[in-house]
Amino acid sequence: MHGKMILYLEKFRLPSREAEYSFFAGQPLTCYNTYYPFEVFTEREVPELIFEPITFFYGGNGSGKTTMLNVIAEKIGAVRDTPFNHSTFFGDYVDSCKETWAYGYSHQDSMVITSDDVFDYIFNIRAMNEGIDVKRVRMLDEYSKLRYSNFKMRSLADYEELKRVNSARFNTKSEFVRKEAGGNIRELSNGESALMYFSEKIQNNRIYLLDEPENSLSAEYQKELLKFITDSARFFNCQFIIATHSPFLLSAEGALIYDLDSDPVEAKKWTELGNVRSYYNFFKEHENEFH
């Protein structure tokens, strides 16, 4: 990536195997079947994580990329709109982690954005539009009643109703309904709504932890989201930590990618990742069909 970009969170270290074993040794016997998030990464060697302005956690289902994101988010005090399920031992695990801040920053403003947040936003827009549509139907019924009513104003309390009667008498049906019910919030596709959500949420000089932001986005919209993320890092001093397996996002120039499917966990080029190679091999097998 070109140009100077700001780095806030510099390093992060999970508890060592020894630290986890020490924690278990100090615990009385319990009825819990899991010590999550303890033991998620114990069997893999996870190095001290070093961050760039854009850092990815890549991996398949069960790789722990969302867990990693949530642990970092809790450690740095990131705010979130959608709560997640804390396990009994989540706080103990987070306390065992260590973070290092660059340039003297500490607990920079940060936020978690999950795919659930985006879906909720899309559904809220739909619900609001549906409410407006119901109101339109009601306004159509009222239009004729108001237009041809024998309404007479008897006091100042009738003034608002007088305005509605006059609106019906001096406007066409469509004009009346549009003024009374209002237009739909925006007639956008899911992808357009998702991009609008990110553009509204992401502000200058902050850390954003994104959990699979590609959900609900087509290939073209994923490319647009990638440009928005890279521009936000380059020009607006944002740092991004992203859990994803989207080849489009992972192709971000200069980004650091941790492959959580590997043991030990290590940084890789996006073209070396298993999911990306599967796409590549698939299209290579069918390349004669593209003319």
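Positions are given from 1, in the same order as the sequence printed here. Not measured: the values here are computed from a predicted model.
A donor-acceptor pair is defined here as one N or O able to donate and one able to accept, closer than 3.5 Å; no such pair exists between the side chain of Glu214 and the backbone of Thr244. Side chain of Tyr258 to backbone of Ile50: a donor-acceptor contact under 3.5 angstrom is found.
A salt bridge is absent between Lys269 and Glu272; no separation between the charged side-chain nitrogens and carboxylate oxygens falls under 4.0 Å. Between Glu20 and Arg17 there is no salt bridge, since no side-chain nitrogen of the basic residue lies less than 4.0 Å from a carboxylate oxygen of the acidic one. Classification of Glu99 and Arg13 as a salt-bridged pair fails, no side-chain N sitting under 4.0 Å from a carboxylate O. One finds no salt bridge joining Arg44 and Asp263 here, because no Lys/Arg side-chain nitrogen approaches an Asp/Glu carboxylate oxygen to under 4.0 Å.
Residue Asn281 qualifies as enclosed at atom CG: its count of foreign heavy atoms under 6.0 Å is above 12.
Applying the ring pair (Phe, Tyr, Trp, His ring centres under 6.0 Å) test to residues at least two apart or on different chains, the pairs with a partner in residues 217-256 are Tyr208-Phe240.
Summarising the geometry, atom CD belonging to Gln239 is positioned 12.0 Å from atom CG belonging to Asn205; distances are rounded to the nearest 0.5 Å. The structure places CH2 of Trp270 at 8.5 Å from CD1 of Ile257, a figure rounded to the nearest 0.5 Å.
There is no side-chain donor-acceptor pair under 3.5 Å between Asn204 and Asn237. Counting only N and O atoms by type, the side chains of Asp117 and Thr114 include a donor and acceptor under 3.5 Å apart. Ser246 and Gln222 are linked by a side-chain donor-acceptor pair at a separation below 3.5 angstrom, with hydrogens and angles left out of the test.
Classified by interplanar angle (parallel below 30°, tilted 30° to 60°, perpendicular above 60°), the ring pair Phe23/Phe89 is perpendicular. Taking the six-membered ring where the residue is Trp, Tyr279 and Phe283 present parallel rings, their angle staying beneath 30° rather than reaching 60°.
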